[in-house]
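Following: one structure in C-alpha cells, then a few remarks.
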2 protein chains.
Amino acid sequence: MTVAKRKEKHKEDLRGKILQSARELFMDRGFEHTSIRNIAEKIDYSPTTIYLYFKDKDDIFYALHQEGFIILNQYFKSLGLVEDPFERLKAISRAYIQFAIENGEYYDLMFIVRSPMNALDKESNEWTEGDNAFNFLVATIQECIDKGYFQGMHTEILSFTVWAMVHGIVSLEIRNRCKVVSALNQENLAFKANNMVIEILERMHNKK
Amino acid sequence: MTVAKRKEKHKEDLRGKILQSARELFMDRGFEHTSIRNIAEKIDYSPTTIYLYFKDKDDIFYALHQEGFIILNQYFKSLGLVEDPFERLKAISRAYIQFAIENGEYYDLMFIVRSPMNALDKESNEWTEGDNAFNFLVATIQECIDKGYFQGMHTEILSFTVWAMVHGIVSLEIRNRCKVVSALNQENLAFKANNMVIEILERMHNKK
DNA sequence: CTTGTTAACTTAACACCGTTAAGTAAATCG
DNA sequence: CGATTTACTTAACGGTGTTAAGTTAACAAG
C-alpha cells in the first residue's frame, strides 16, 4: 500500500506546515498576536482546515510548547557530562537562563502562558515535558545532597525552589517588570541575578 | 458653582462604577475572560461609554493593577514596625506570598499579565507602584547588609533576586506549572517553598 | 422664550477572533 | 459505473476591542 503511505505522508506534511506557519508567526509576533486565521492564510488554506489536524488553538500551542522542551533539552544535553553535581547545578541554571533569553517566546509558551496547559488532560496531573526537565534538576540536587550540600533539606522542594528562582528572574524580564531596577543594571540583569543565585547557593555550602 | 461640582461628582461616580464592575468580573473570571462589553452590560451602559472614562482596555486594567498595589501595601504596612531587618525581610517574603495566594487575580495583573504595562509610557521606565514596593525591599536588604548579612553583595541585584525567588514560586503556582512536584507536596507548596527561601537566606548568614 | 452650544450617551459599524455545521469536489473502492 | 470516503471550503454564530457619527437633554446667551 504505497499509495496509502503517500497519503499518510501528505497528511503529516500539512500538519508540519501548519506547525511551521504557527511557529514563524508566534516567533516574531508572540503568542497573543497569532491567530488561527493568520496561520491558515500563511499556508493558503482555509481556517477550518486547521481543525482537521488540531483539536483547537490550545492544541497547536501545546505542540509548539513541546518543541520548546526539545530545544531546552539541547541546552541541557552536554551538562550530563559534568561530573560534580554542584558544578552541574550551576551549569543547569546558566543554561536555563541562556535558553530563556535566546528563546523568549518559547519560554513564554512553556512556563507562563495558560493556553498550552489547557490541552493537557484536565484533573490529571501529567505534564511529561515539564516532568522530564524537572527530574534532571531533582536528580542533580539529590546528588548534591548525597555529597553533603544542602544538608537536611527536602530534595524535591529545594528543587522546586531553585527552579522558582531562575524562573522568577526570567519571567519578570519577559513580562517587563524589571523597570524597578535602576537603568544601569538593566542590561544583563538576568545574568547578573543568575550569578547572584549561584553565589547564594555557594555561600550556603561554603560557610558550613 | 455647586452645579458644576455635582456634575464632577457624577462623572467620578460612573468612573468608579465602571471600575467596580470590572473588578467584580475579573475577580471571579480572571482578566482573560473579562470584556469591555461585559463591564458595560453589568452597569447598564453601552460599551462605548467606557471609552469616555478610560482610554482603552489596558487603561482599565492599569487602574485595577494600581488597586492591587494598595492591597499589597496593606500586607506590608505593619512590617515597618519589625526592627530587625533580617526578621523584616523574612516577614516581607511571607506577606508577599500570602498576598499572592489570597489575591491571585490581582497578582496576575500586577506581575504577570502584559496588559496593564501597556498603559505605561512606552520607552519611559517609570512604574511608580512597582518602584514603591520594590524600594521597601531594597531598604530592608540594605539594612541587612549594614548589619553584616549578605557581605559584599550588590544591594539592588540581591533585592531583585530575592523578589524573583518569591515571584517565581507564586507565578509557577498561578500559571499551573506545579504539576511536576509530586502530588503530596502540592498542598501549600508555595508556603513550603517560601520557607525554603527563608532557610536558604538564613543558612547563608549563619554559617559565616 | 427661543436659539445655539455643549455634554453624556447610544447606534451602527469595522475589522478582527475561535469554532462549528453543512456543503463540494475529487479520489478510491466494490 | 455507482457508492463511499477523503480533503477541503463556504457560510455562519457569537464573541472581541474600538471608532465615527448621531441623538437627546441640559445649559447659556440674546
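Any value given below was found using the heavy atoms of this structure, including those in side chains, with hydrogens, waters and symmetry copies removed. Here the structure is a predicted model, which means the values were calculated and not measured. Just so we're on the same page: letters track the sequence lines, and every chain starts at 1.
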> Ignoring hydrogens and angles, are the base of dG15(D) and the side chain of Arg37(B) linked by a donor-acceptor pair under 3.5 Å?
Replying inline: no

When you get a sec, tell me which of [options] is the closest nucleotide to the side chain of [X]?
{"X": "Asn38(A)", "options": "dC17(C), dT16(D), dT18(D)", "result": "dC17(C)"}
{"X": "Asp56(A)", "options": "dT9(D), dT19(C), dA20(D)", "result": "dT19(C)"}
{"X": "Lys57(B)", "options": "dT18(D), dT9(D), dC17(C)", "result": "dT18(D)"}
{"X": "Tyr51(A)", "options": "dG18(C), dG17(D), dA12(C)", "result": "dG18(C)"}
{"X": "Tyr45(B)", "options": "dT18(D), dT20(C), dC9(C)", "result": "dC9(C)"}

Just how far, in rounded Å, is [atom2] of [N] from [atom1] of [X]?
{"X": "Ile43(A)", "N": "dA7(D)", "atom1": "CD1", "atom2": "P", "answer": "15 Å"}
{"X": "His33(A)", "N": "dA15(C)", "atom1": "NE2", "atom2": "P", "answer": "19 Å"}
{"X": "Ile39(B)", "N": "dT16(D)", "atom1": "CD1", "atom2": "P", "answer": "10 Å"}
{"X": "Leu14(B)", "N": "dA8(C)", "atom1": "CG", "atom2": "C1'", "answer": "9 Å"}
{"X": "Ile50(A)", "N": "dC8(D)", "atom1": "CD1", "atom2": "P", "answer": "11 Å"}
{"X": "Asp59(B)", "N": "dT18(D)", "atom1": "CG", "atom2": "C1'", "answer": "14 Å"}
{"X": "Phe54(B)", "N": "dG17(D)", "atom1": "CZ", "atom2": "P", "answer": "14 Å"}
{"X": "Leu52(A)", "N": "dT9(D)", "atom1": "CG", "atom2": "P", "answer": "9 Å"}

> At under 4.0 Å between heavy atoms, what does Thr48(B) touch on the DNA or RNA strands: base, sugar-phosphate, or nothing?
Replying inline: base

> Start at the 5' end of DNA chain C and walk down; is the nucleotide closest to Ser46(B) or to Lys55(A) reached first?
Replying inline: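 Upstream on the strand: Ser46(B).
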
>> OP1 or OP2 of dA8(C) versus the side-chain N and O atoms of Tyr53(B): is any pair under 4.0 Å?
In response: no

> Quick one: is dC17(C) close enough that its OP1 or OP2 comes under 4.0 Å of any side-chain N or O from Ser35(A)?
Replying inline: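 Yes, such a contact exists.
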
> Do any N or O atoms from the side chain of Arg15(A) and from the backbone of Tyr53(A) form a donor-acceptor pair under 3.5 angstrom?
Replying inline: yes

> Within the distance-only criterion (no hydrogens, no angle test), does the side chain of Glu129(A) pair as donor or acceptor with the backbone N or O of His65(A) below 3.5 angstrom?
Replying inline: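 No; zero donor-acceptor contacts below 3.5 Å.
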
>> Using the side chain to side chain contact (heavy atoms under 4.5 Å, CB included) definition, which of the options Leu89(B), Asn135(B), Val162(B), Ile145(B) pairs with Thr140(B)?
In response: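 Of the listed residues Leu89(B), Asn135(B), Val162(B), Ile145(B), the side chain to side chain contact (heavy atoms under 4.5 Å, CB included) partner of Thr140(B) is Leu89(B).
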
>> More than 12 heavy atoms of other residues, nucleotides or ligands under 6.0 Å from CD of Glu41(A): yes or no?
In response: no

> Hey, mind stepping through Arg175(A) and Asp108(A) against salt bridge (Lys or Arg N to Asp or Glu O under 4.0 Å) and telling me if it holds?
Replying inline: CA-CA 9 Å; Arg175(A) 293 309 179 96; Asp108(A) 202 29; 2.8 Å; yes

